[in-house]
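What follows is a short report on a single structure.
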Amino acid sequence: MNYWLFKSEPDEYSIDDLAAEPAQTGRWDGIRNYQARNFLRDRVAGGDGVLFYHSACKVPAVVGTAEVVRAAYPDPAQFAPDSPYFDPKASAEKPRWFCVDLRWRSKFMRPVPLAEIKADPLLQEMVLVKQGRLSIQPVEREEWEHLLQLGQKP
DNA sequence: GCCAACGTTGGC
DNA sequence: GCCAACGTTGGC
């Protein structure tokens with residue numbers, strides 16, 4: 001059982017959008033970055049915990065948690081010519097991009113902003129702090145637990 | 001099989 | 001909207 005941080009632009013797909021899905025379960029698709037794909041395809045497993053992060057918005061922040069309910073399978077959008085995620089170089093035999101299914105688990109009492117994470121001595125080793133621009137990244141158990149605590153503080 | 005160019009990401 | 005970091009691509 002591992003922990004992850006998934007980034008999403010809230011204008012595109014927010015934690016409330018996930019909570020509003022049938023069975024509060026949605027497909028995490030549209031990943032088109034190789035480093036993120038490799039984590040998704042090779043390491044993310046059913047039952048793993050996910051920190052839901054809002055990126056490319058006014059206050060980038062961890063806003064809640066989710067759970068992986070289905071491990072990697074080929075992202076259908078890469079085969080759909082009318083999709084913005086269409087990839088002409090992908091085929092059913094050789095899919096290039098993958099997705100997982102997530103179930104909403106919790107929304108924090110308050111978002112934990114990136115600026116606060118960067119200033120927290122316990123979170124200095126997070127990939128989020130050390131390397132930006134990675135939309136799927138591993139999280140240590142200690143980091144997971146600390147962030148959950150921060151999110152529950154009023 | 002080297003390595004420059006490319007596409008994606010996302011904070012600032 | 002700039003541009004830095006990364007993995008991958010593809011020309012040679």
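Predicted model only: the values in this text are computed from it and were never measured. Convention: sequence-line order gives letters A, B, ...; per-chain numbering from 1.
End-to-end axis angle for the helix from B/dG1-C/dC12 to B/dC12-C/dG1, using five pairs per end and rounding to 10°, comes out at 20°.
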Give the table of side-chain donor-acceptor pairs shorter than 3.5 Å for residues 62-72 of chain A, with sequence neighbours excluded, one pair per line with atom names and distance.
residue	atom	partner	partner atom	Å
A/Thr65	OG1	A/Ser106	N	3.4
A/Thr65	OG1	A/Ser106	OG	2.6

Which pairs would a plain distance check flag for residues 38-56 of chain A, meaning a side-chain donor or acceptor within less than 3.5 Å of a matching protein atom at least two apart in sequence or in another chain?
residue	atom	partner	partner atom	Å
A/Asn38	OD1	A/Arg41	NH2	3.4
A/Asn38	ND2	A/Tyr34	O	3.4
A/Asp48	OD1	A/Asn2	N	2.9
A/Asp48	OD2	A/Trp4	NE1	2.8
A/Asp48	OD2	A/Ala45	N	2.9
A/His54	NE2	A/Ile15	N	3.2

Between side-chain atoms of residues 19-29 of chain A and protein atoms elsewhere (two or more places apart, or another chain), which donor-acceptor pairs fall under 3.5 Å?
residue	atom	partner	partner atom	Å
A/Glu21	OE2	A/Tyr13	OH	2.7
A/Thr25	OG1	A/Ala23	O	2.8
A/Arg27	NE	A/Tyr73	OH	2.9

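Taking 4.5 Å as the limit, some side-chain heavy atom of A/Arg32 sits within range of a side-chain heavy atom of A/Tyr85. Under the 4.5 Å side-chain criterion, counting only non-hydrogen atoms from C-beta, A/Met126 is in contact with A/Ile117. Residues A/Cys99 and A/Pro76 form a side-chain contact, since some pair of their non-hydrogen atoms from C-beta on lies under 4.5 Å apart.
Listed by chain and residue number, A/His146 satisfy the side chain to side chain contact (heavy atoms under 4.5 Å, CB included) test with A/Gln149 (two or more places apart in sequence, or in another chain). For the side chain to side chain contact (heavy atoms under 4.5 Å, CB included) test, residues two or more places apart in sequence or in another chain that qualify with A/Gln152 are A/Phe108, A/Met109. The side chain to side chain contact (heavy atoms under 4.5 Å, CB included) search around A/Ala36 returns A/Ile31, A/Asn33, A/Leu134, A/Ser135, A/Ile136, not counting sequence neighbours. Partners of A/Lys58 according to the side chain to side chain contact (heavy atoms under 4.5 Å, CB included) rule, which considers only residues two or more places apart in sequence or in another chain, do not exist here.
Listed here is the closest heavy atom pair of A/Phe79 and A/Pro95: CZ-CB, 4.1 Å. Closest approach of A/Asp87 and A/Arg96 over heavy atoms only: OD2-CD, 3.2 Å. The two residues A/Gln137 and A/Lys7 have their closest heavy-atom pair at NE2-CE, 3.9 Å.
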Nucleotides 4-12 of chain C: protein proximity per nucleotide (B base, S sugar-phosphate only, - neither; heavy atom, under 4.0 Å): B-SSSSS--
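Checking side-chain atoms of A/Ser8 against main-chain N and O of A/Pro10 turns up no donor-acceptor pair under 3.5 Å.
Only at 4.0 angstrom or more do the heavy atoms of residues 74-87 of chain A sit from any atom of DNA chain C, so none qualifies. Taken residue by residue, residues 51-63 of chain A places heavy atoms nearer than 4.0 Å to DNA chain B at A/Tyr53, A/Ser55, A/Ala56, A/Pro60. Residues of residues 113-123 of chain A that place a heavy atom closer than 4.0 Å to DNA chain B, in numerical order, are A/Leu114, A/Lys118.
Donor-acceptor pairing under 3.5 Å is recorded for the side chains of A/Gln35 and A/Gln131.
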